[in-house]
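In listed order, ligands and their atoms are each counted from 1.
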Amino acid sequence: MKLSEMRQILDSGAIRLTKSLGQNFLHDQNQLRRIADAGEIKPTDKIMEIGPGLGPLTELLLDEAGEVLAIEKDERLYDFLRKHFATNKKLTLLHEDALEYLRQKNIDSALKKRADWSDWKLIANLPYSVASPILVELAEAQGCPERLVATLQIEVAKRIMSASGDDDYGLLTLLLQLRYEPKGWFKMPAACFFPPPDVDSACITLVRRPVPLLNFEEARVYTKIVKRSFSQRRKMMMKLLKQDWPADKLASAFEEIGISAQERAEQVSVEQFVQLTKCLLAS
Ligand code: SAM
């Protein structure tokens, strides 16, 4: 979709873009192509797109995939997309807040009805204000998608793709890399969007680990441990964890894994947090 076309659709529908909904639309055809290519789409694939906007990425996804579920919060854009793609049987379009929708699907009380996204891929140019919670929600789903291809602010992309000891390493890295391995990323200058956002963007690709590092119940404990360990970044991790775990158990777990009692969470790898979870859960 060319920028002139985008402007014309917005003008004819008298749609004024809303900053709080992260409405920076991608008009660069090469970048749209690169995002779709990062999805390695097969004709049988089921793709979830969050925030389709005016649908330029949706169009590429519909050309290549078997099924597309697109979730748009803005009613004006939803109405436009409904008409624009009216004859396309591959598309399911939802007018929802995607984060609320995913949370609703993940709630414990409806265990049997929990969504299973395990044979889905996410390919999306995400609304930046909710990009991180959306990715975490998907990663924490019992059946998490096989691949996440997401465009977001470059700072957030760096946090997700980093390794222990890096400046950007932290809670978000650990929550996503438990289930996913970083596959690659590319930068997208602000000028590729209309209107251009204040920051540059990047498209990241995460691929689900072939064998989960922890089962679903263990993963919940891992999340608690990681959150507590990063609750005060400059404090020693063992001291923080004493709020939840007996000191002797912590001391022997740290010794077994080879983490110093003085270590800060930012130096501890995903694999070490996994080991720590297993040690602390072992009776
Ligand atoms: N995919 C389009 C593109 O590449 O041009 C638009 C991307 S734009 C960065 C983000 C889109 O997400 C907007 O269409 C916005 O209305 C929508 N959006 C914002 N918050 C949302 C939410 N919580 N759930 C679903 N869609 C949302």
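Using a 4.0 Å cut-off between a side-chain N of Lys or Arg and a carboxylate O of Asp or Glu, D79 and R76 do not qualify as a salt bridge. We find that D37 and R33 are joined by a salt bridge, their nearest charged nitrogen and carboxylate oxygen being less than 4.0 Å apart. For the pair D168 and R159, the salt-bridge criterion is not met [side-chain N within less than 4.0 Å of a carboxylate O]. A salt bridge between E137 and R103 is present, with a side-chain N of the basic residue lying under 4.0 Å from a carboxylate O of the acidic one. Between E146 and R208 there is no salt bridge, since no side-chain N of the basic residue sits under 4.0 Å from a carboxylate O of the acidic one.
Remark: minimum distance from atom 2 (C) of ligand 1 to any protein heavy atom is reached at P52 O, 3.3 Å. Annotation: atom 26 (N) of ligand 1 to nearest protein heavy atom, K73 N, 3.3 Å. Protein heavy atom nearest atom 3 (C) of ligand 1, with residue, atom name and distance: N125 ND2, 3.4 Å.
More than 12 heavy atoms of other residues, nucleotides or ligands shown are found within 6.0 angstrom of CD on E5.
Atoms of ligand 1 lying under 4.0 Å from any heavy atom of L77, numbered from 1 in the order shown and given with element: 14 (O), 16 (O). The distance from ligand 1 to the heavy atoms of A98 drops below 4.0 Å at these ligand atoms: 22 (C), 23 (N), 24 (N), 25 (C). The atoms of ligand 1 that sit less than 4.0 Å from any heavy atom of D74 are 16 (O). Those atoms of ligand 1 that come under 4.0 Å of a heavy atom in L126, given as number and element, are 9 (C). Residue-ligand proximity, I71 to ligand 1, at heavy-atom distances under 4.0 Å covers atoms 25 (C), 26 (N). Residue N24 has at least one heavy-atom neighbour below 4.0 Å for each of these atoms of ligand 1: 8 (S), 9 (C). Of all atoms in ligand 1, listed by their number and element, those nearer than 4.0 Å to a heavy atom of E96 are 24 (N), 25 (C). Interface atoms of ligand 1 facing Q23, defined by a heavy-atom separation under 4.0 Å, are 13 (C), 15 (C), 16 (O).
L69 and F80 fall within a single hydrophobic cluster, where Ile, Leu, Val, Met, Phe, Trp and Tyr side chains are chained together by heavy-atom contacts under 4.5 Å.
For E49, the closest heavy-atom approach to ligand 1 falls below 4.0 Å. For T58, the heavy-atom gap to ligand 1 stays at 4.0 angstrom or more. The closest approach between a heavy atom of D97 and any atom of ligand 1 is below 4.0 Å.
Counting only heavy atoms from C-beta outward, the side chains of S229 and V268 never approach each other to under 4.5 Å. Looking at heavy atoms from C-beta onward, M188 lies in side-chain contact with I35 at the 4.5 angstrom threshold.
Checking only distances, I50 never comes within under 3.5 Å of ligand 1, N or O to N or O.
Between W120 and W117, the ring-plane angle classifies as perpendicular under the 30° and 60° cut-offs.
For the pair K90 (side chain) and A65 (backbone), a donor-acceptor distance under 3.5 Å is present.
In the candidate list E72, H27, H95, M6, E72 is nearest to atom 16 (O) of ligand 1, counting heavy atoms. Closest heavy-atom approach to atom 1 (N) of ligand 1 within the set G22, G51, G53: this belongs to G51. The nearest non-hydrogen atom to atom 5 (O) of ligand 1, considering only L26, L21, I134, comes from L26.
Neither the backbone nor the side chain of S129 comes within contact range of ligand 1; no heavy atom lies under 4.0 Å.
Applying salt bridge (Lys or Arg N to Asp or Glu O under 4.0 Å) to D244 and the options R228, K249, K239 leaves one that passes, R228.
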